[in-house]
Amino acid sequence: MKQKRHETPLEAIDRMTDNSVVFVGGFGRAGVPERLVEAVCRRKLRGLTIVSNNAGSNVAGIASLLQEGCVGKIICSFPLAREAVAFRDLYDRNLVDLEVVPQGTLAERIRAGGAGLGGVLTPTGVGTDIAEGKPLIEIDGRAFLIERALRADFALIKAYKVDPLGNLIYRKAARNFNPIMAMAADWVIVEAAEEVGIGALDPEHIITPGVYVDAYCAVTRIDQMMEATP
Amino acid sequence: MKQKRHETPLEAIDRMTDNSVVFVGGFGRAGVPERLVEAVCRRKLRGLTIVSNNAGSNVAGIASLLQEGCVGKIICSFPLAREAVAFRDLYDRNLVDLEVVPQGTLAERIRAGGAGLGGVLTPTGVGTDIAEGKPLIEIDGRAFLIERALRADFALIKAYKVDPLGNLIYRKAARNFNPIMAMAADWVIVEAAEEVGIGALDPEHIITPGVYVDAYCAVTRIDQMMEATP
Amino acid sequence: MTANCGLSLDQMAWRVAQELQDSWVVNIGIGMPLLVPPHVRADRDVIFHSENGIIGMGPEIEGGDHVDPDLLSAGKRPVRLMPGGSFVHHADSFALARGGRLDAAILGAFQVAQNGDLANWKLPGARTGSIGGAMDIAVGARRVLILMSHTTREGEPKLVDRLAYPPTARGVVTKVFTELGVFAITEDGFVLEEIAPGVCADQVRAGSGAQVKTDGATLMVPPDPVSPREPVLSRA
Amino acid sequence: MTANCGLSLDQMAWRVAQELQDSWVVNIGIGMPLLVPPHVRADRDVIFHSENGIIGMGPEIEGGDHVDPDLLSAGKRPVRLMPGGSFVHHADSFALARGGRLDAAILGAFQVAQNGDLANWKLPGARTGSIGGAMDIAVGARRVLILMSHTTREGEPKLVDRLAYPPTARGVVTKVFTELGVFAITEDGFVLEEIAPGVCADQVRAGSGAQVKTDGATLMVPPDPVSPREPVLSRA
């Protein structure tokens with residue numbers, strides 16, 4: 001069995017390299033893998049393209065990546081939140097690139113990447129700035145933009161519980177982008193609040209099957225490790 | 001609150017009309033809403049376009065719709081199972097139309113319909129008979145077919161448990177097409193094995209949110225009806 | 001906001017809330033629309049959708065020990081979940097929004113044009129703006145209800161002939177609710193359906209940057225003071 | 001099947017099973033491929049995916065009272081779920097297949113061409129056929145392993161120059177396993193990597209409808225009889 005468990009966030013991200021495209025889960029502060037992001041900061045990776053809903057708020061999460069100089073580009077839906085101080089500063093000085101994507105389009109582009117699709121046809125953005133340079137196609141008299149799939153080299157995921165196979169459940173609205181990002185990256189790294197044994201998660205309740213997860217660390221200790229029954 | 005509960009399958013399908021496009025959940029016999037299908041047979045509806053994975057096996061489910069003369073066309077991925085006796089007979093006599101769709105494309109076309117997308121770009125079917133008449137598009141040197149979204153007038157769904165709001169959970173591999181079909185039809189009718197009270201289904205475990213469900217009947221009785229807490 | 005003229009903010013929110021029918025699924029944008037839910041009629045169950053994956057979102061709650069950091073509105077403020085509510089991931093949440101299951105969305109706006117075009121994400125000439133979920137929701141919802149002040153702080157009209165602001169979506173707005181009244185978007189452009197107490201048709205026309213058909217408007221009679229079913233706990 | 005020549009069915013299944021590495025996620029097609037799982041090496045955890053939404057599918061089980069009608073393989077036969085397994089809906093199941101998380105798929109075939117084209121869904125001239133999940137899986141899996149008889153019952157070659165059958169997918173096949181040996185698809189067409197005991201290169205070439213590079217092939221040494229880890233409970 002593939003060893004996915006790592007002792008620390010720093011070990012969990014050991015494969016990450018400069019100039020990668022990186023998904024970061026979360027919406028606001030719910031579901032943001034803050035410990036993994038912190039580890040990326042500590043490693044002082046450079047030239048990352050960060051794909052996330054926001055461009056960071058105040059000093060935690062993506063804001064700290066920006067302040068540490070790790071980020072070359074941000075792809076997000078909501079860059080100018082009031083708390084996006086670090087982003088505004090760098091953006092105003094042309095030190096970071098930006099691609100703004102409607103939130104639902106961002107979600108579908110990521111899901112399409114995970115589903116092995118080339119992209120989707122969406123009505124969102126037709127007749128707006130967002131349509132610039134994108135092919136337009138008409139189906140049954142309605143116009144759609146072709147929006148291309150989006151994949152990443154790495155995904156940083158925040159989960160509630162993880163088992164040794166990498167199966168994940170999330171907690172409430174901290175689910176948000178995490179499950180689709182976990183499907184669409186070449187290497188998926190998880191920070192979980194809790195590690196449980198194989199069989200502790202009901203097969204019906206698992207949101208992200210372990211096959212998508214490559215590495216994880218638990219912020220808290222293993223509380224139970226049930227024996228796998230054959 | 002909208003009254004979604006009906007006493008019998010026949011009442012649950014009361015809005016269905018001739019010549020409708022109808023999703024029928026299930027894969028093999030797992031997750032097939034057999035009681036609802038039976039009710040459609042009894043009403044002797046005509047000219048239905050049935051979208052389902054199979055074209056029915058032996059006498060239950062879709063096979064009975066075919067035998068009753070309800071079906072004008074079938075859209076499915078696997079029409080010629082050995083047990084698809086009723087279908088073969090009608091198809092050989094040109095009494096039913098057929099559109100064969102790769103199973104993953106069928107799933108994505110339905111999901112796209114549910115997600116308000118015009119369609120998806122898929123690599124599946126490129127260079128095969130399936131590509132005939134479909135636009136081909138190249139992205140980063142790889143060819144994709146444009147496959148159009150698929151919606152239905154009605155969806156017939158088999159669930160494990162339902163609550164009065166229409167929230168659904170499924171059981172094991174009986175989940176299959178049911179959740180995506182429930183998202184992509186104008187009127188969604190559910191046959192559940194069990195009805196439970198509001199609050200009995202954990203918000204984290206609900207697979208189909210009740211907002212997608214318009215009508216349901218429970219094959220067994222209500223076993224508990226918890227009071228909704230404000 | 002036109003000072004001392006027309007409806008109060010709470011009255012505006014109350015009026016929008018009257019639009020919402022029993023069992024409707026409704027998305028609430030950030031900002032002013034957040035004032036609407038407490039005014040929904042007690043005999044109507046309205047299911048609120050939050051684009052971050054909450055179906056059946058309850059009212060916002062004050063901060064404190066009982067605040068759950070994993071249960072936030074799209075405006076990133078703590079909320080409750082209603083009984084029978086559930087969670088979905090972001091792709092499924094926007095699938096719901098675009099897929100025709102939102103009976104209505106209540107959004108703010110910079111400008112609304114007489115053909116239903118909506119602008120609410122970017123200032124003219126700005127280098128960028130925050131789209132968030134507005135484009136998808138505006139395109140997907142069956143009815144787009146706009147809650148906004150009738151003019152800018154500088155007194156510029158926000159009901160316009162053609163958008164001067166970058167569009168969010170084309171031809172999507174159903175009705176506009178301002179302190180002066182309720183405006184439907186029709187084939188013939190803006191039609192004043194209801195006029196606020198103490199406001200006259202001339203005022204409405206003078207404050208609008210497009211033709212507004214005002215004859216046939218009825219007088220709105222809001223309760224004063226309006227009493228929300230739930231206390232309005234926070235202001236955007 | 002070429003009678004009394006080359007590997008038995010169980011030996012063929014055993015040989016394919018040796019390809020499967022620890023922690024691989026593998027889709028098993030209906031028919032002959034269903035024989036493979038019991039032969040997976042005991043020191044390797046292979047996770048089987050079934051396109052009807054089972055991740056971590058266990059072996060097929062005999063019918064009887066303990067059969068769960070809601071837990072069926074893609075071949076519609078009762079199976080078990082392995083510890084740590086889970087269920088997803090059909091769109092997510094094929095997302096996994098197309099999205100690059102299938103390390104391998106084991107499929108049957110009517111024909112395989114030297115450029116890796118695969119035909120396995122429809123007979124030439126037939127009015128229709130059953131695609132099922134084959135097209136998506138063949139396109140999506142990282143490695144497509146074909147398990148088939150070397151020729152048709154009538155002795156026609158199934159390794160061919162160009163497909164005569166309607167294609168399932170183009171250029172996707174990685175390796176072909178027949179009773180005569182193991183064939184890799186390379187830039188130079190078919191390369192015989194391993195030859196079955198008692199078979200000679202001439203036989204392989206004679207039974208193939210395309211050039212097969214046979215020099216350099218090693219002799220396969222299957223255990224005889226092969227002993228599956230789990231009893232093979234049913235035959236396709």
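The figures here come from the full heavy-atom set of this structure, side chains too, leaving out hydrogens, waters and symmetry mates. Protein chains get the first letters and strands the later ones, always in sequence-line order, with residue 1 at the start of each. No experiment lies behind these values; they were computed from the predicted model shown.
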Colleague: Top residue by heavy-atom pair count (under 4.5 Å) with chain D, among B:P179, B:A173, B:A81?
Modeller: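 The residue among B:P179, B:A173, B:A81 with the greatest pair count is B:A173.
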Colleague: Looking at chain D, which one of B:G104, B:A107, B:P79 has the largest number of heavy-atom pairs inside 4.5 Å, strictly under?
Modeller: B:G104
Colleague: Give, as side chain, backbone, both or neither, the part of B:Y160 having an atom under 4.5 angstrom from any heavy atom of chain D.
Modeller: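 Contact with chain D is absent: no heavy atom of B:Y160 under 4.5 Å.
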Colleague: Chain B heavy atoms under 4.5 Å from D:T128: which part of the residue, side chain, backbone, both or neither?
Modeller: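 Both the backbone and the side chain of D:T128 come within 4.5 Å of chain B.
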Colleague: Which heavy atom of D:L72 sits nearest a heavy atom of B:A30, and at what distance?
Modeller: CD1-CB, 4.1 Å
Colleague: Taking atom OG1 of B:T128 and atom CG of D:L163, what is their separation to the nearest 0.5 Å?
Modeller: 11.5 Å
Colleague: Can you give me the closest heavy-atom contact between B:V100 and D:G129, atom names plus distance?
Modeller: CG1-O, 3.8 Å
Colleague: Under a 4.5 Å cut-off applied to non-hydrogen side-chain atoms, are B:T122 and D:F94 in contact?
Modeller: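 Contact flag for B:T122/D:F94 side chains = no.
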Colleague: Do you know which of B:D129, B:I207, B:L98, B:N53 has the most heavy-atom pairs with chain D at a distance under 4.5 angstrom?
Modeller: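 Winner by heavy-atom pair count: B:D129.
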Colleague: Which atoms of B:N178 come close to chain D, meaning under 4.5 Å heavy atom to heavy atom: side chain ones, backbone ones, both, or neither?
Modeller: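 No part of B:N178 comes within 4.5 Å of chain D.
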Colleague: Is there a side-chain contact between B:V126 and D:R170, using heavy atoms and a 4.5 Å cut-off?
Modeller: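 Side chain of B:V126 against side chain of D:R170, heavy atoms only: no contact under 4.5 Å found.
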Colleague: Hey, what do you get for OG1 (B:T105) to CD1 (D:I131), rounding to the nearest 0.5 Å?
Modeller: 8.0 Å
Colleague: To the nearest 0.5 angstrom, please state how far the CZ atom of B:R171 sits from the CG atom of D:D70.
Modeller: 4.5 Å
Colleague: Which heavy atom of D:G133 sits nearest to which heavy atom of B:Q103, and what is that distance?
Modeller: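 So the minimum-distance heavy-atom pair works out to N-NE2, 3.4 Å.
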Colleague: Measure distances from D:V79 to the heavy atoms of chain B and classify the residue's part below 4.5 Å as side chain, backbone, both or neither.
Modeller: neither
Colleague: Shortest non-hydrogen contact from B:F27 to D:H90?
Modeller: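 That closest heavy-atom pairing would be CD1-CE1, 3.6 Å.
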Colleague: So, taking the atom named OG1 in D:T168 and the one named CD1 in B:I130, what distance separates them when rounded to the nearest 0.5 Å?
Modeller: 10.0 Å
Colleague: Stepwise, does the side chain to side chain contact (heavy atoms under 4.5 Å, CB included) test hold for D:R98 with B:T124?
Modeller: CA-CA 8 Å; D:R98 269 188 320 263; B:T124 303; 3.5 Å; yes
Colleague: With chain D as the partner, which of B:M181, B:R29, B:R111, B:E108 has the greatest number of non-hydrogen pairs under 4.5 Å?
Modeller: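 Heavy-atom pairs under 4.5 Å are most numerous for B:E108.
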Colleague: To the nearest 0.5 Å, how far apart are NZ in B:K172 and OG in D:S86?
Modeller: 13.5 Å
Colleague: Taking C-beta and beyond as the side chain, do B:F177 and D:H89 meet within less than 4.5 Å on heavy atoms?
Modeller: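 Side-chain contact under 4.5 Å: no.
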Colleague: May I ask you to decide if B:L80's main-chain N or O and D:S130's side chain share a donor-acceptor pair within less than 3.5 Å?
Modeller: yes
Colleague: With a 4.5 angstrom heavy-atom cut-off, which part of B:A55 approaches chain D: side chain, backbone, both or neither?
Modeller: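 Neither part.
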Colleague: Distance check, rounded to the nearest 0.5 Å: D:N52 atom CG versus B:N176 atom CG?
Modeller: 7.0 Å
